[in-house]
Amino acid sequence: QQPVQSPQAVILREGEDAVINCSSSKALYSVHWYRQKHGEAPVFLMILLKGGEQKGHEKISASFNEKKQQSSLYLTASQLSYSGTYFCGTVHNAGNMLTFGGGTRLMVKP
Amino acid sequence: GAGVSQSPRYKVAKRGQDVALRCDPISGHVSLFWYQQALGQGPEFLTYFQNEAQLDKSGLPSDRFFAERPEGSVSTLKIQRTQQEDSAVYLCASSLGLTGPRSTEAFFGQGTRLTVV
């Protein structure tokens with residue numbers, strides 16, 4: 001079952017913050033976050049395993065609430081380089097298959 | 001190699017033609033996935049290999065699609081009698097270990113853009 005992402009698109013000014021949400025109807029084992037720029041391969045950002053951990057990489061962090069079967073990606077003080085489409089990928093408890101949401105298009109303007 | 005390599009990068013096929021898309025995963029990666037990505041959409045799962053075993057092919061859209069990984073490394077996705085709706089980017093990803101993407105990241109190739117005319 002494909003996870004649902006929201007919002008579908010975000011436009012920011014440089015320096016602004018954004019939150020991208022990912023929710024699933026099935027129990028999750030792990031959540032992956034990727035960023036894809038036009039014409040390029042998706043690039044791995046981070047993986048969160050069940051246990052409710054929060055991870056961060058510079059100004060990009062994420063949380064995973066396994067009870068709610070949701071994950072959120074937090075982008076703070078956005079930079080122009082953050083522009084792209086963000087995908088969450090989910091792996092369910094019973095399986096080993098990585099399934100992606102429909103993506104959130106993020107545009108950061110100067 | 002340093003990353004996942006896919007070939008060709010671009011393929012134009014006439015409707016009805018057969019095509020073969022190749023994926024060279026990162027050396028030692030046990031798990032290999034094929035995805036289909038239409039313009040403006042997220043990658044849609046096609047099939048999954050663990051070594052040479054095809055564990056899940058539930059995403060293959062029809063029996064015209066066939067994938068193999070005979071020696072547990074290089075994989076080929078074959079599409080027979082291509083149709084216009086097959087036009088998309090086909091992405092391959094690999095992941096280390098038997099648990100695959102449950103707990104480790106997946107690395108993507110740059111994809112093959114297939115256009116059926």
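Heavy-atom basis, side chains included; hydrogens, waters and symmetry copies ignored. Sequence lines set the chain letters: A, B, ... in the order given, protein chains first and strands last, and positions in each chain run from 1.
- The number of heavy atoms from other shown groups lying within 6.0 Å of NZ (A:Lys37) is above 12.
- With hydrophobic clusters built from ILVMFWY side chains whose heavy atoms lie under 4.5 angstrom apart, B:Ile79 does not share a cluster with B:Phe66.
- Surrounding CD of B:Glu71 are at most 12 heavy atoms belonging to other residues, nucleotides or ligands under 6.0 Å away.
- Ring centroids of B:Tyr35 and A:Tyr34 are separated by 6.0 Å or more, keeping the two rings apart.
- The minimum heavy-atom distance linking A:Ala41 with B:Gly109 is given by the pair CB-O, 3.0 Å.
- Follow the hydrophobic side-chain contacts under 4.5 Å out from A:Val108 and you reach A:Leu45 in the same cluster.
- For B:Gln6, no part lies under 4.5 angstrom from a heavy atom of chain A.
- Contact between B:Gln41 and A:Phe87 at its shortest, heavy atoms only, is O-CZ, 3.8 Å.
- When the candidates B:Gly40, B:Ala93, B:Gly111 are compared by the number of heavy-atom contacts under 4.5 Å with chain A, B:Gly40 comes out ahead.
- In terms of heavy-atom proximity, A:Met97 sits nearest to B:Phe33 at CA-CE2, 4.1 Å.
- Residue contact with chain B, scored on non-hydrogen atoms closer than 4.5 Å, is absent for A:Gln5.
- Cluster annotation: B:Leu32 is connected to B:Tyr90 through the hydrophobic network of ILVMFWY side chains, with a link wherever side-chain heavy atoms come within less than 4.5 Å.
- In the displayed structure, B:Arg15 atom CZ is contacted under 6.0 Å by at most 12 heavy atoms of other residues, nucleotides or ligands.
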